[in-house]
Amino acid sequence: MLYLDYNGSAPLRSSVENFLKTRLENRGPYANPNASHFLGSKCLMAIEKSRRNLAKFLDCENHQIIFNSGSTEGISSVFLHTYFKFKDTDRKIILVSDTEHAAPINESTFLENHGFKTVFIPTKRDGETDLDFLQKCFIEHKNEIALVAIMAANNETGVIQPYERIAKMCQEVNAPYLCDTTQILGKASFSFKNCDADFITVSGHKLGALPGVGALILKTPNEFIPTIHGGNQESGLRGGTQNYVGIESLNVAVEELMQKSDCHQKIEQLRDDFETKLVEKFSNIIIFGKNANRICNTSFISLPNTNASDIQDALQMQKIFVTTSSACSDQSSKSSRVLSKMNIPENQASGAVRISFCSSNTKEDFQQAFDVLSNIYEKIQ
Ligand code: PLP
């Protein structure tokens, strides 16, 4: 089996699996981390150790981290914070890149029903956000901007946006910036301090930790308006008993990622060789975002006039697992929304399959993916 859908979800890392096995064999500790007894304190200490390591990994301060259930929750809580902060002010414009993940797109639609207005920032053919358009919006809506949402790396194309520059542009007009960093973490070097966004998101299951755990990172936690009220967990910013086993699994994944931070180049080279060989064999193949800056593991490719689901099925028959676009929209019969926003013609978009590798994939894995895929393409052609 060759699992090549790491942008959809990364299987548990073996380090995480081993950690969890030992934890289960030792039968705990299991306790409420907020309880004052010994077992509670042990669980809380494990959470705080995870916070320290995650802060190192992201280059942020410990107190800027709020553990939560993942990126969708993080994005949702930023939009709700925005609503409560600006609902009675003139700041009602939300700028959202049109190739964002479904979470910011649907949150902005939700806020539209509550007095806010969304302006979508177009994406250019190579997958990069149109910063000239963004600049024009800043001029037109100067003191009206409540939030800017532009992701760091796209989940389908892997294209990395110039998020540090975007953060500076936002600061010039005092516009809060949500940079969805779900896909860039572990696939390119990243620093919260250098990025300088107001909010970033972490999703555990994209990093090989358990699903259902993640974090929201806040530049100024004392200004954040919480929307889940409970006990005083996470400094009062996110109520509810913490998913401490999930948080510990995230810690193990993050520790491994920090040790392997030099593997991006190797995977990028293997990915580039894989694409080069495909282009040599099939002159009409399209690699979306090829000339843009991309995360190292992603190939979003299409043989024109083919059907992506047929290719996905044929790969699956050979036990290779890929998706046709993002996992969240894979069930939809329409071709990728991201590609349509990049103005990719339908006969190219209809054949698009997303292949997303991981840092432990070997040269042989890439070769196998190439052999099987080119076989399928030859038959289809
Ligand atoms: N943002 C991006 C770019 C994603 O790829 C995903 C997951 O597919 C999410 C947000 C949502 O993450 P989660 O599954 O942690 O809610």
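Computation of the quantities below employed the complete heavy-atom set of this structure, encompassing side-chain atoms and omitting hydrogens, waters and symmetry-equivalent molecules. As the structure lists them, so they are numbered: ligands from 1, and atoms in each ligand from 1. Because the structure is predicted, anything quoted here is derived from the model rather than measured.
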Legend entry - Contact summary for Ser77 and Phe224, nearest pair of heavy atoms: O-CZ, 3.7 Å
Inset, instruction - For ligand 1, find out whether one of its N or O atoms is nearer than 3.5 Å to an N or O atom of Gln183. - result: yes
Inset, instruction - Number the atoms of ligand 1 from 1 as they appear, then name those within less than 4.0 Å of a heavy atom of Met151, with their elements. - result: 3 (C)
Inset, instruction - State if Glu100 counts as touching ligand 1 under the rule of any non-hydrogen atom under 4.0 Å. - result: no
Legend entry - Options Asp180, Asn155, Ile75, ranked by nearest heavy atom to atom 2 (C) of ligand 1, top entry: Asp180
Legend entry - Pair Phe116 + Phe86: ring centers closer than 6.0 Å: no
Legend entry - ligand 1 to His205 polar contact by distance, N or O atoms, under 3.5 Å: yes
Inset, instruction - Please report the shortest heavy-atom distance between Ala253 and Gly208, naming the atom on each side. - result: CB-C, 4.3 Å
Inset, instruction - Calculate, to the nearest 0.5 Å, the distance between atoms CG and OG belonging to Leu270 and Ser359 respectively. - result: 11.5 Å
Inset, instruction - Heavy-atom contacts with Gly70 under 4.0 Å: which atoms of ligand 1 show up? List them by number with element. - result: 15 (O)
Inset, instruction - Report the part of Thr72 in contact with ligand 1, treating N, CA, C, O as backbone and CB onward as side chain, heavy atoms under 4.0 Å; options are side chain, backbone, both, neither. - result: both
Inset, instruction - Using the side-chain contact (heavy atoms from CB on, under 4.5 Å) rule, pick out the option among Asn68, Val202, Ile200 that qualifies with Leu216. - result: Asn68
Inset, instruction - Report the part of Glu73 (side chain from C-beta onward, or backbone N, CA, C, O) that has a heavy atom under 4.0 Å from ligand 1; answer both or neither where that applies. - result: neither
Inset, instruction - Could you tell me whether Tyr177 and Phe199 have their ring centroids closer than 6.0 angstrom? - result: no
